[in-house]
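Order of listing sets the numbers, starting from 1, for every ligand and every atom in it.
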Amino acid sequence: MSTIFSKIIRGEAPADIVYQDDRVTCFRDINPAAPVHILIVPNKEIATANDLDDEDESLAGYLLLTARRLAREAGIDESGYRLIINCNRDGGQVVDHLHLHLIGGRPMGPMVVRV
Ligand code: DGP
């Protein structure tokens, strides 16, 4: 299920990487929705939130803790931000490699569009 994100993680495709370690790679979204828009991506190839296993419990928590730290470093922890995981078609997932969006730097507005 390799996607462009795996290439970015391996350094085979360009990206504005803000943080990387042996578990996660974090880079700026190519189409930012706000002044801060960082994708927090597990290095492990997990397609969607549905594909998280029990053994991924620690990794899933680490994604959240990494988001918290990057929000602080971006200076948006006090003003606030939104964390989003899209899953599959109705969730609006486009890239089938699990990722957490960290979005902030302006008021985010309503949580979802009401239709
Ligand atoms: P989602 O809808 O949750 O699957 O969001 C995928 C996001 O990934 C979308 O906001 C655009 C971003 N994206 C897609 N391809 C690339 C890429 O090649 N580089 C970067 N930096 N971001 C990408």
Task: Distance-only side-chain donor-acceptor flag, Asp96 / Thr3, under 3.5 Å - done: no

Open item on the list: Looking at Glu12, I want to see if its CD is surrounded by more than 12 non-hydrogen atoms of other residues, nucleotides or ligands under 6.0 Å.
Closed with: yes

TODO: If you link ILVMFWY side chains whenever their heavy atoms are less than 4.5 Å apart, which other residues fall into the same cluster as Met108? By chain and number, please.
DONE: Ile84, Ile103

Report every pair formed by an N or O atom of ligand 1 and a protein N or O atom separated by less than 3.5 Å, giving atom names and the distance to 0.1 Å.
residue  : atom   : partner : partner atom : Å
ligand 1 : 2 (O)  : Gly92   : O            : 2.8
ligand 1 : 2 (O)  : Val94   : N            : 3.3
ligand 1 : 3 (O)  : Asn86   : ND2          : 2.9
ligand 1 : 3 (O)  : His99   : NE2          : 2.7
ligand 1 : 3 (O)  : His101  : NE2          : 2.8
ligand 1 : 4 (O)  : Val94   : N            : 2.7
ligand 1 : 4 (O)  : Val95   : N            : 2.9
ligand 1 : 4 (O)  : His99   : NE2          : 3.1
ligand 1 : 5 (O)  : His99   : NE2          : 3.2
ligand 1 : 5 (O)  : His101  : NE2          : 3.3
ligand 1 : 10 (O) : Asp29   : OD1          : 3.1
ligand 1 : 10 (O) : Asp29   : OD2          : 2.5
ligand 1 : 21 (N) : Arg28   : O            : 2.9
ligand 1 : 21 (N) : Ile30   : N            : 3.4
ligand 1 : 22 (N) : Ile30   : N            : 3.2

- [ ] Could you identify which residues cluster with Met111, counting Ile, Leu, Val, Met, Phe, Trp and Tyr as linked when any side-chain heavy atoms lie under 4.5 Å apart, either directly or through a chain of such contacts?
- [x] Val112

Open item on the list: Between Leu70 and Val36, is there a side-chain heavy-atom distance shorter than 4.5 Å?
Closed with: no

Open item on the list: Using the ring pair (Phe, Tyr, Trp, His ring centres under 6.0 Å) criterion, which residues pair with Phe27? Sequence neighbours excluded.
Closed with: Phe5

